[in-house]
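Report on one structure; see the data block that follows.
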Amino acid sequence: MAGNGATPLVLEAVIVGGGLSGIAAARALRLAGVDDYVLIEKSDGLGGTWHHNTYPGCACDVPSALYCFTFKPYRWSRFFAPQAEIKQYLLEVAAEHDVQRHVRFGTELVGAAWDDAEQYWEVDTSGGRLVARHLILAVGFLHAATVPNIPGLAEFPGPTFHSSRWPEGYDGSGERVAVIGTGASAIQIVPQLQQRAAHLTVFQRTPGWVIPKIDIVHSERWRRWSTRFPALSILLQRSLWAVSEIVLQAIFRVRLARLLGAVARRNLEKSVADPELRAKLTPDYEFGCKRYLLSADWYSTLVQPNVTFVPSAVTKVEGRTLVAVDGSRHEVDTIVLSTGFDFGVGPVAHLVRGRDGLTLAETWKGSPRAYLGTHPSGFPNLSVIAGPNAGTVSGFIGAEAQANYLREMILAMRREGVTSIDALPEAEARFKAKADHLMAHSVHNAGGCVNFYLDENGCNKALWPGTMFGMWRRLQRFDLSDYRTRRGENLR
C-alpha cells in the first residue's frame, strides 16, 4: 500500500512477461482502448523464448505460416523459421502496437496480492510496487529452465549452462562437449555442435519419436508474391491449420496416434542400420505420449566418428568425468543441459495470492486449473495467457485467442460498469472436468510414458479440450454470467 495515507496510482493493468503471450496481451489492451498499463520483463529484451534461446540451430518446429498471429502474416524465409527471424517478427508486432513504451526491462515479479476492499492488485516487483485493476500473467509455457539435480554437477570445473542460456559466440570448437538430454532442443543443438566439437557425448534418458523435418527454403519469388498478395499467406496458414487439427486429434485418440507413429518408426528403420543402436533409439511408449520431434539429421549425427551416444542418464559428476547409470565414464570440457522447462506457469504460481490469501500453487494443490484456461477462480481480475489447459498446436494462435478473450472481457466490464470479475467455481469445475474427461484416454495420459503435460496428480494440465478452431471460436465471446462480478460503488 502507498505510504503516509497517499492514494496509489492505479494502473488499468500490469502484464508479466514480454514474450509472444505478453505482446498479444498488450495488443489486446490497446484494441480495448487501454493505454495505462505496464509490462514487466525480467530480461533485457522482448521475445520471451525467442529472445532467450539463441543456441546453434535454434528454430521453430511448427510451420512458420501457422506459427504467427493471424492479423500479421509474414514473409518467412523458410518453412520452419529460425530463432532470429521469429524474434524479429515479434519485435515488429510490438513496434506496430506501441508495446515498448510500456515495458520495464530487468524487472521481475516478486509477489502479487488481490486487495478485495480496494478492488485492485498490489504487484511487488524487483523495481518497486505497482497497483493495477488487472493482473495478466503472460509468462508462457516455457520460461523456467529445468536443471537436473545431479550430484557433483555444481562442482564441475568447466562451463555448464542450460540450452536457454547459451553463451554468446560459443560453438564448442575443439572441445569435448557433453549434451545431457535428447528432446526438442537437443536434436537441433547436437548436429550443430558435432560439426565443430573435438568430441561430442550425448546422454539419452528416454528416446523420442522422430519424424523427418522437411525444411523448405522459400524462394524470393514466393516471398514477393506473398507480400504483394497477403491472401496467399492466409491460405497457406488456413491449410496448415486444417492439417494440424488432424495431428491434434491423434493426441486424443491412441489408434490414430499409432498411424502417425508408423511414419516415425519407418524413419528410424530407414535411418539407423545398426539393429542394436536402433533398439536403443526406439521408444517404449506410443507416438505422441511425449512431444514428438522433427529432424532431418538427428540419427545421422549420432553415428558420426566424433560422437559417443550414451543411452543412459547421468547419475553423478566427478571432476570432469560424467558417470552414466550404465556405469560408463566420460571426460568432458563443457556440459550443455538440454533438459527442458517447468512446463506451465511454473514458479510464478507461488507468488500470486488471491481473495482468500492463498497462492495459485496452494489453491491448485498440484493440479492447475482456470476457466477456459484463462481465469482461475478465487483470483479476481487475474488473466493467464498460456494458462492451464490452454495449449494447442500453435502458441501464437492460442495466445491470440486468449488475448481476444481478454479484450472482450475488458469491453464487457466497461459496458456493465463492473470493477472485478471472478470465474465461478462451478464454471471452472465444468471446464476442468471436460478437459480431464477428454484427456483421460488421450495418448498423453494412456500412452505409457511420463511427460510434462501431466500434473502432479496425473491430470493433463496442458492441452485445450478440443480443436484449435474450437478454442478460437469459443474465446471470441465473453459472458459475464460465468463470473462473480462487483461494481464500483464507493471505490476509488
Side-chain angles (χ1 to χ4, degrees), residues 61-63 66-67 140-142 183-184 205-211 240-265 282-294 340-346 364-374 376 384 386-395 397-399 401-402 427-475:
D61 57 6
V62 175
L66 188 62
Y67 198 70
F141 291 123
L142 305 174
R205 184 179 62 178
T206 308
W209 288 113
V210 182
I211 58 178
L240 290 170
W241 190 324
V243 172
S244 71
E245 295 285 27
I246 297 173
V247 176
L248 184 60
Q249 289 309 299
I251 301 300
F252 301 132
R253 295 171 175 83
V254 174
R255 289 184 179 180
L256 183 56
R258 287 173 181 165
L259 292 178
L260 294 178
V263 176
R265 191 177 294 276
T282 302
D284 61 359
Y285 54 84
E286 299 286 356
F287 177 87
C289 184
K290 288 180 178 289
R291 182 180 180 183
Y292 65 86
L293 310 171
L294 284 82
F341 299 85
D342 182 358
F343 187 85
V345 176
W364 285 341
K365 297 178 181 177
S367 287
R369 57 192 181 277
Y371 179 54
L372 299 181
T374 309
V384 186
N389 293 113
T392 191
V393 175
S394 169
I397 300 297
Q402 286 189 280
E428 181 188 71
R430 283 196 307 270
F431 178 76
K432 182 59 176 170
K434 179 180 180 181
D436 288 346
H437 175 74
L438 182 62
M439 301 298 178
H441 302 290
S442 72
V443 70
H444 287 164
N445 292 60
C449 75
V450 176
N451 58 58
F452 59 61
Y453 300 107
L454 304 184
D455 63 32
E456 296 173 18
N457 301 309
C459 297
N460 195 307
K461 64 182 179 182
L463 288 184
W464 175 270
T467 64
M468 187 160 59
F469 177 73
M471 178 184 185
W472 180 269
R473 183 175 58 183
R474 175 62 188 87
L475 295 181

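Values in this document were obtained by computation on a predicted structure and should not be read as measured data.
Between K432 and C459, the shortest heavy-atom distance links the atoms NZ-CB, 4.1 Å. Nearest heavy atom pair, residue A446 against residue A440, reads CB-O, 4.4 Å. Shortest non-hydrogen contact noted between S367 and N457 is OG-ND2, 2.7 Å. Listed here is the closest heavy atom pair of L463 and N460: N-OD1, 3.3 Å. For the residue pair L240 and P63, the shortest heavy atom distance occurs at CD1-CB, 3.7 Å. Between P376 and A370, the closest heavy-atom pair is N-CB, 3.7 Å.
How far CH2 of W209 is from CZ of R265: 3.5 Å, rounded to the nearest 0.5 Å. From E286, atom CD reaches atom CG of L260 across 11.5 Å, with rounding to the nearest 0.5 Å. Within the model, atoms CE of M439 and CG of N389 stand 6.0 Å from one another, a figure rounded to the nearest 0.5 Å.
Residues S244 and L66 are in side-chain contact: their nearest non-hydrogen atoms beyond the backbone lie under 4.5 Å apart. I211 has its side chain within reach of F287: a pair of non-hydrogen atoms, C-beta onward, lies under 4.5 Å apart. A 4.5 Å side-chain heavy-atom check between Y285 and T206 finds at least one atom pair inside the cut-off. In this structure, E456 and K365 have side chains that are not in contact, with every pair of non-hydrogen atoms separated by 4.5 Å or more. In this structure the side chain of E245 never reaches within 4.5 angstrom of the side chain of V393, judged on heavy atoms. T282 places none of its side-chain heavy atoms less than 4.5 Å from the side chain of P207. In this structure, the side chains of L475 and Q402 come closer than 4.5 Å at one or more pairs of heavy atoms. Within the 4.5 Å cutoff, the side chain of Y67 has no heavy atoms near those of the I397 side chain.
For R474, the CZ atom counts as densely surrounded, since its 6.0 Å shell holds more than 12 non-hydrogen atoms of other residues, nucleotides or ligands. At most 12 non-hydrogen atoms from other residues, nucleotides or ligands lie less than 6.0 angstrom from OH of Y292.
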Report the C-alpha distance between Y453 and K290 in whole Å, list the side-chain angles of each, state the deciding distance to 0.1 Å, and finish with yes or no for side chain to side chain contact (heavy atoms under 4.5 Å, CB included).
CA-CA 8 Å; Y453 300 107; K290 288 180 178 289; 5.8 Å; no

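By the 30° and 60° cut-offs, the orientation of the rings of F431 relative to Y371 is perpendicular.
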